[in-house]
J.: 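I have a structure I would like to understand better, so I am pasting it below and will then ask my questions one at a time.
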Protein chains: 2
Amino acid sequence: MTVWDRPEPPARPVPLDRERIVAAAIALADEGGLEAVSLRKVAARLNAGPMRLYGYISTKEELFDLMVDAVQAEILPEERPGDWREALRDLAHRTRRTVLRHEWLADLLGGRPSLGPNGLAVTEATLAALDGLADVDTALRAVEMVSAYSTGAIRREIANLRAGRATGLSERDRQRAAGPHVTRMLATGRYPALGRVVHDATHVDAEESFATGLDWVLDAVAARLHRT
Amino acid sequence: MTVWDRPEPPARPVPLDRERIVAAAIALADEGGLEAVSLRKVAARLNAGPMRLYGYISTKEELFDLMVDAVQAEILPEERPGDWREALRDLAHRTRRTVLRHEWLADLLGGRPSLGPNGLAVTEATLAALDGLADVDTALRAVEMVSAYSTGAIRREIANLRAGRATGLSERDRQRAAGPHVTRMLATGRYPALGRVVHDATHVDAEESFATGLDWVLDAVAARLHRT
DNA sequence: CTCATGTCGATACACTGTATTGATCCATGA
DNA sequence: TCATGGATCAATACAGTGTATCGACATGAG
């Protein structure tokens with residue numbers, strides 16, 4: 001058997017690690033949303049068979065967990081501002097911007113506890129902002145409230161954004177015209193208060209709306225802090 | 001051809017409507033979570049072929065929308081309490097209890113705008129609570145903030161509940177021991193504030209935690225109302 | 001050089017949402 | 001009364017999913 005008869009040995013498989021796998025999955029999700037992430041496509045992007053991934057993760061959910069933790073690194077600020085209020089505000093806005101960069105994050109954030117290193121670091125940073133300003137119980141309550149508001153508000157923002165994209169209307173148009181369906185519903189007269197709002201509310205862009213709500217929430221925190 | 005040769009005519013198909021379809025889907029979701037809802041299973045529960053459903057809905061997402069709207073009826077109170085604060089609190093707690101009855105709702109609520117009749121009715125009821133107490137802009141901001149907090153907090157509660165069920169630990173144990181993984185992470189010393197909280201925080205059950213956070217949020221609303 | 005070990009990928013399975021297609025029914029017009 | 005048109009429904013089909021199983025093969029030890 002000469003060299004010419006023998007086939008080349010199979011290419012040594014590309015070395016793999018979780019980081020590479022997660023990066024590929026995130027790239028897919030950034031391009032086509034969460035439903036574009038399939039184990040087959042992730043593996044294909046790494047020149048590997050689908051089953052190869054099961055050495056590094058044991059379920060697709062675990063891949064999602066890793067993805068969330070990876071992008072949560074983008075939330076962490078380099079330096080902590082001195083003021084607690086500024087720190088909390090900054091964290092909330094960084095979270096929002098991160099989700100805007102990775103819209104699929106809205107589908108996962110809050111869906112499971114974030115126990116990865118970066119997820120814990122975000123919680124740590126939030127708690128640290130209130131360090132020494134309140135007893136642990138108050139601080140915990142405050143952090144939970146702020147993050148509940150943030151994730152809820154961000155999720156709605158993304159939902160509206162997607163809905164707007166689907167109907168092809170701009171955000172402004174959607175609030176006013178609200179689409180033929182909502183217009184018809186309002187015409188029934190069964191939603192008077194809602195009708196007034198749709199008709200009279202002054203439009204504010206999403207970031208400002210988020211910021212205002214956040215300010216209210218932070219006011220609530222401030223009230224409890226100073227009471228101590 | 002005698003009667004004996006001819007087969008019986010095929011059973012007239014069971015009449016179908018969206019209500020029946022949605023009810024079947026909700027039953028499936030209540031039993032086995034959202035991922036237990038497949039068009040095939042829903043159809044089977046109604047003695048119909050899968051394709052039959054496409055006369056009533058044109059996509060699975062639409063079925064989800066209908067499911068959400070259907071259970072949102074459970075949120076609406078029979079009578080509106082006089083006090084705005086009581087009204088908002090009641091709506092939030094009703095939302096929470098509804099999600100606890102239908103855990104899958106946590107995965108959908110906030111994921112898309114709720115534009116069905118009941119979804120709009122919930123928004124209407126929330127807005128109506130503040131009617132005449134503030135200008136439309138303030139009222140809208142308040143409603144958005146309260147509902148962002150509610151959905152965010154409820155979603156986290158369900159997430160924790162599921163995680164606890166998965167590890168078999170009770171809610172109390174999870175907060176203290178937090179599982180071997182978190183214990184190990186805390187031992188690294190990289191999360192000092194978090195460590196203090198896990199160690200020192202007094203345990204409160206989920207409902208009380210939700211109620212407290214909600215009170216803070218409502219305080220923030222009150223502050224803006226009286227300012228007018 | 002041989003053998004055991006453990007890793008990798010092909011195959012397979014049960015299942016998904018949905019498009020297409022063909023049969024079967026009812027209501028209508030002649 | 002019969003034929004015909006149109007609608008309704010079920011069967012089949014397809015491309016894709018997550019994951020279990022298992023055979024082959026390269027690599028390290030003896």
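Values below: every heavy atom of this structure, side chains too, minus hydrogens, waters and symmetry copies. In what follows, every chain begins at residue 1, and chains take the letters A, B, ... in the order their sequences are listed.
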J.: Return the residues of residues 31-44 of chain B meeting this criterion: a heavy atom under 4.0 Å from some atom of DNA chain C. Order them by number, or give none.
T.: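 Those residues whose heavy atoms fall under 4.0 Å from DNA chain C, taken from residues 31-44 of chain B in numerical order, are B/V37, B/S38, B/L39, B/R40, B/K41.
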
J.: Atom CD1 in A/I158, atom CZ in A/R96: separation rounded to 0.5 Å?
T.: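 That separation rounds to 8.0 Å.
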
J.: Please state how far atom CZ in A/R52 lies from atom P in D/dG18, giving the value in whole angstrom units.
T.: 18 Å

J.: Quick check against the 3.5 Å criterion: does B/S58 have a side-chain atom that pairs as donor or acceptor with the backbone of B/Y54?
T.: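 Not at all, since once roles are kept as given, no pair shorter than 3.5 Å links the two residues.
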
J.: Would B/T151 and A/R156 count as a side-chain hydrogen bond (donor to acceptor under 3.5 Å, both in side chains) here? Give the steps.
T.: CA-CA 10 Å; B/T151 60; A/R156 189 199 17 239; over 6 Å; no

J.: For B/Q72 and B/T98, which I'm curious about, is there any donor-acceptor pair between the side chains at under 3.5 Å?
T.: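 Result is no, nothing qualifies.
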
J.: Figure out the CD1/C1' separation between A/I21 and D/dG18, and round it to whole Å.
T.: 15 Å

J.: Write out all pairs satisfying side chain to side chain donor-acceptor pair (under 3.5 Å) with one or both partners inside residues 22-36 of chain B, taking only residues at least two apart or from two chains.
T.: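 Found B/D30-B/H102, B/D30-B/W104, B/E31-B/R45.
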
J.: Measure from CE on B/M51 to C1' on C/dT16 and round the result to the nearest Å.
T.: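 In whole Å, C/dT16 C1' and B/M51 CE are 11 Å from each other.
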
J.: With a 4.0 Å heavy-atom cut-off, tell me which residues in residues 54-63 of chain B come close to DNA chain C, sorted by residue number.
T.: B/Y54, B/T59, B/K60

J.: So, the side chain of A/D69 versus the backbone of A/N118: is there a donor-acceptor pair under 3.5 Å, distance only?
T.: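 At least one qualifying donor-acceptor pair exists.
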
J.: For the side chain of A/E124 and the backbone of B/L194, is there at least one donor-acceptor N/O pair under 3.5 Å apart?
T.: yes

J.: Rounded off to whole Å, could you give me the CG-to-P distance for the B/L46 and D/dA10 pair?
T.: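 Taking CG of B/L46 and P of D/dA10, I get 11 Å after rounding.
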
J.: Can you confirm whether A/E19 is buried at CD, in the sense that more than 12 heavy atoms of other residues, nucleotides or ligands lie under 6.0 Å from that atom?
T.: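 Counting neighbours around CD of A/E19, 12 or fewer heavy atoms of other residues, nucleotides or ligands fall under 6.0 Å, so no.
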
